[in-house]
Amino acid sequence: MAKFEKANSIGEWLDQRLNTKELMRVGVLEYWIPKNINFLWSFGIILATLFGILVVSGIFLLMYYKPDTDLAFYSVNYTIMQEVAYGWVFRNMHAVAASVVFLAIYIHMFTGIYYGSYKSGREMIWLTGTILLIAFSAEGFSGYMLPWGQMSYWAAQVITNLFGAIPVIGPDLVIWIRGNYVVEDATLTRFFALHVLVIPLIIMGVLGAHMYALRIPHVNNQDGEDIDYEAEARKFKSGDKRNSKVMPFWPTFVAEDVFVLGAFLTFFFYLTFFHFGFAMDPINFIPADSMKTPPHIYPEWYFLWSYEVLRGFFFSSDMGLIAFGIANHIFLVFPWLDRDPAIKPMHKRPLMKWWFWSFLLIMIALTVWGKLPPTGINAYIGFVLSVAWLSWVLILLPLLSSIERKS
Amino acid sequence: MRDIKILIVLIFFTGLTYYGIEPYAHHIMHPPVEEADYSFKDLGDDRSQVESMIASADVATGEQQVLSNCTACHSIKSQGQQMMSDADLIAANGLLPPDLSNAGSLYDEYFLFKFLMDPAGAAFNSTYEMHKKEQLATEKAEASSEDEKRALVNAHQKAVEGFKNKKAASFIKMPGYGWLGEEEVANIVAYFQSIAKPVEELSGKEITINACARCHSVDYDKVALQADAETLAPYLGSFPPDLSQMIRSKGNSYLHTFINDPQKHLLGTGMPRVGLTKEAEAKVVNYIEKVGDPNIEARSAIGQYFVLFFLIFTFFALGWKKNEFKEVGK
């Protein structure tokens with residue numbers, strides 16, 4: 001055993017046993033961030049904080065929520081919202097954070113796409129990030145079922161039903177997922193287990209991998225410049241802080257993060273207390289009723305674009321389902337669909353900049369039409385948008401990027 | 001500067017998405033309806049005559065008519081009139097006929113008059129026919145051929161007849177008193193007005209119990225259904241929902257137009273129009289809001305401190321950030 005001398009401070013005592021000084025040095029003091037960034041680089045901390053808010057508010061909700069089809073609606077809307085002191089604060093925070101976390105995820109993703117931060121060495125960051133998107137989607141979907149309102153029930157009905165179209169195993173798979181022939185108590189309790197334990201654990205694990213994946217290739221910068229981190233770090237440490245292209249994670253980058261986070265939380269709490277309607281659909285304040293189908297069934301806003309890709313092929317549910325499957329997984333292979341290895345922001349890519357902004361507009365249009373009733377002209381608009389989305393990702397992205405590579 | 005530009009782009013696209021999925025989509029899914037009509041114009045154009053008839057009616061005769069025609073099924077607790085217990089009334093009628101103590105102030109006098117003359121007509125038929133006509137007009141405008149239009153007219157006529165003869169008649173258990181003649185009915189309304197407490201003195205809960213609770217419970221405020229739950233659903237077509245969360249699922253303005261005229265939103269529904277006055281209905285909606293969303297005041301009271309705290313937090317964080325950035329020359 002190593003020889004321990006008497007420590008003069010708590011810090012020293014901890015350092016002797018846990019090597020905390022070295023940990024701090026590697027972890028934050030000499031973790032180098034490029035200076036050439038903007039506030040979009042702080043969405044990571046925003047997402048981590050939102051996840052924290054979801055976990056903490058979720059634990060409080062868990063203390064009173066009852067996963068039982070007879071009790072769930074009442075335990076949410078009466079016990080938590082009215083009986084428990086400040087229960088409504090936690091529910092509003094949980095609901096708003098669950099919705100806003102997807103806004104932050106999409107902003108984070110499109111930042112990555114815009115600055116080309118997913119390729120040439122940074123694939124693992126992107127890949128773990130995309131897995132996080134899928135895990136958060138599963139978390140959002142399973143959580144939405146818990147209040148057992150009309151939208152909880154019918155969204156569960158529609159989405160679990162989708163698996164029935166898978167060849168051969170489909171019908172059995174649906175029963176296996178639901179735990180019964182229809183969506184009912186067994187479905188609620190298993191999605192409860194997934195929501196409060198399984199998926200959060202997966203998220204925490206992948207979140208760790210996502211942050212670790214950043215360490216080797218380093219975070220990208222606004223111009224995609226290839227920075228010699230060792231040289232720049234030496235320059236910074238020798239005292240030439242101004243001319244070095246990098247800054248330390250602590251305290252400089254954290255100061256920026258905390259500022260952006262503060263501004264974001266101001267917005268978040270404004271939504272939580274004064275403008276939460278978008279995160280709590282009115283239809284879900286009607287108790288689940290298997291005999292009454294609501295006139296309009298739609299998922300939460302963050303699923304609308306892929307839901308519209310599914311509905312867009314209104315003439316063939318099989319084609320819709322294939323497109324839906326592609327939509328939910330294609331982001332995983334994005335780094336390989338972009339055929340140009342050069343890391344450049346979109347405004348420096350003559351063709352791809354048009355691709356990026358039109359792709360963003362297609363995503364937004366799909367989101368809006370995903371909510372509108374698919375009747376009359378809307379069905380055809382949805383079809384055009386779905387085909388456009390697929391061609392933008394599967395054809396235009398590889399095509400335009402390889403043209404750019406060659407020129 | 002670039003950060004500001006990026007922020008503007010971010011706000012623009014987020015705002016565009018929000019506008020599309022919230023205000024715009026909801027506008028498309030729930031097209032706005034006309035405002036609530038508290039003068040019940042569809043019941044006729046004789047409101048002023050009826051009002052003056054009631055104003056000059058004979059209250060004492062009205063009382064006699066009420067005692068010989070109404071109290072077998074209705075209690076008038078404020079006057080000590082209760083021939084059967086509420087439980088027996090429910091057993092006999094399937095649901096509790098409303099207590100009439102305050103009928104003269106809760107319900108619009110013109111509506112009450114028309115309702116006594118022809119209950120199904122006032123509660124259902126008149127408004128059903130009106131909205132069916134509007135529906136026919138829009139459908140006809142979309143129809144392409146004359147044949148199609150004729151078919152539409154026939155279908156609508158059939159629907160109106162079927163509703164009047166079968167459905168509406170079965171929704172209402174109260175018999176009409178048109179045979180008494182307009183003058184006697186006016187006397188009855190005048191009597192109700194003479195014994196009623198003004199709406200200002202009644203609580204939203206009392207009004208809701210009188211106007212709504214024979215079909216709807218309010219679980220979260222322990223207001224029980226004043227009906228035999230077994231027979232209610234077959235009688236009305238479907239089980240009337242509990243009102244506890246109505247303010248969250250339907251919202252304030254929908255509740256106003258819906259209570260005033262259910263057919264406006266749900267053509268053919270078994271829910272009758274009950275003819276609440278504007279003031280009484282406002283108290284009902286206010287009560288439903290209190291029960292379903294009791295934290296409205298607490299939300300803004302607490303919320304402002306959260307927002308203020310994070311504004312100050314952000315302000316100090318900006319100072320820290322500027323300081324750190326100056327240090328490294330960014």
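Below, chains carry the letters A, B, ... as their sequence lines are ordered, and counting in each starts from 1.
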| task | Go through the steps to decide whether B:Tyr220 and A:Asn77 satisfy the test side-chain contact (heavy atoms from CB on, under 4.5 Å), and finish with yes or no. | result | CA-CA 9 Å; B:Tyr220 295 5; A:Asn77 289 307; 3.6 Å; yes
| request: May I have the step-by-step check of side-chain contact (heavy atoms from CB on, under 4.5 Å) for A:Lys371 and B:Glu22, ending in yes or no? | output: CA-CA 9 Å; A:Lys371 190 146 185 180; B:Glu22 282 292 309; 3.3 Å; yes
| said: Checking B:Phe306 against A:Tyr270 for the side-chain contact (heavy atoms from CB on, under 4.5 Å) test, could you report, in this order, the C-alpha distance in whole Å, the side-chain angles of both residues, the deciding distance, and whether it holds? | reply: CA-CA 8 Å; B:Phe306 270 82; A:Tyr270 162 73; over 6 Å; no
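Contacts of A:Tyr298 with chain B are made by side-chain atoms alone, with heavy-atom separations under 4.5 Å and no backbone atom involved. At a 4.5 Å heavy-atom cutoff, A:Trp305 makes no contact with chain B through either its backbone or its side chain. Only the side chain of B:Arg2 comes within less than 4.5 Å of a heavy atom of chain A; its backbone N, CA, C and O stay farther away. Both the backbone and the side chain of B:Leu7 come within contact range of chain A, each with at least one heavy atom under 4.5 Å from a heavy atom of that chain. In this structure, chain A has heavy atoms under 4.5 Å from both the backbone and the side chain of B:Ile6. With a threshold of 4.5 angstrom between heavy atoms, A:Asn92 approaches chain B through side-chain atoms but not through N, CA, C or O. Looking at B:Tyr305, there are no atoms closer than 4.5 Å to chain A (heavy atoms on both sides), in backbone or side chain.
Here the straight-line distance linking atom OH of A:Tyr86 with atom CG of B:Asn295 works out to 10.0 Å at 0.5 Å rounding. We find the CG-OG1 distance between A:Leu103 and B:Thr14 to be 5.0 Å, quoted to the nearest 0.5 Å. Atom CZ in B:Phe313 sits 6.0 Å away from atom CG in A:Leu261 (nearest 0.5 Å). Atom CZ in A:Phe269 sits 12.0 Å away from atom CD1 in B:Ile302 (nearest 0.5 Å). With values rounded to the nearest 0.5 angstrom, B:Lys330 atom NZ is found 9.0 Å from A:Lys35 atom NZ. Interatomic distance, B:Arg248 CZ to A:Asp281 CG, rounded to the nearest 0.5 Å: 11.0 Å.
Shown here is A:Lys245, whose NZ atom has no more than 12 heavy atoms of other residues, nucleotides or ligands within 6.0 Å. Atom CZ of A:Phe274 has more than 12 neighbouring heavy atoms from other residues, nucleotides or ligands inside a 6.0 Å radius. The local environment of CZ in B:Phe316 is sparse, with at most 12 non-hydrogen atoms from other residues, nucleotides or ligands closer than 6.0 Å.
At least one donor-acceptor pair under 3.5 Å links the side chain of A:Gln82 to the backbone N or O of B:Val291.
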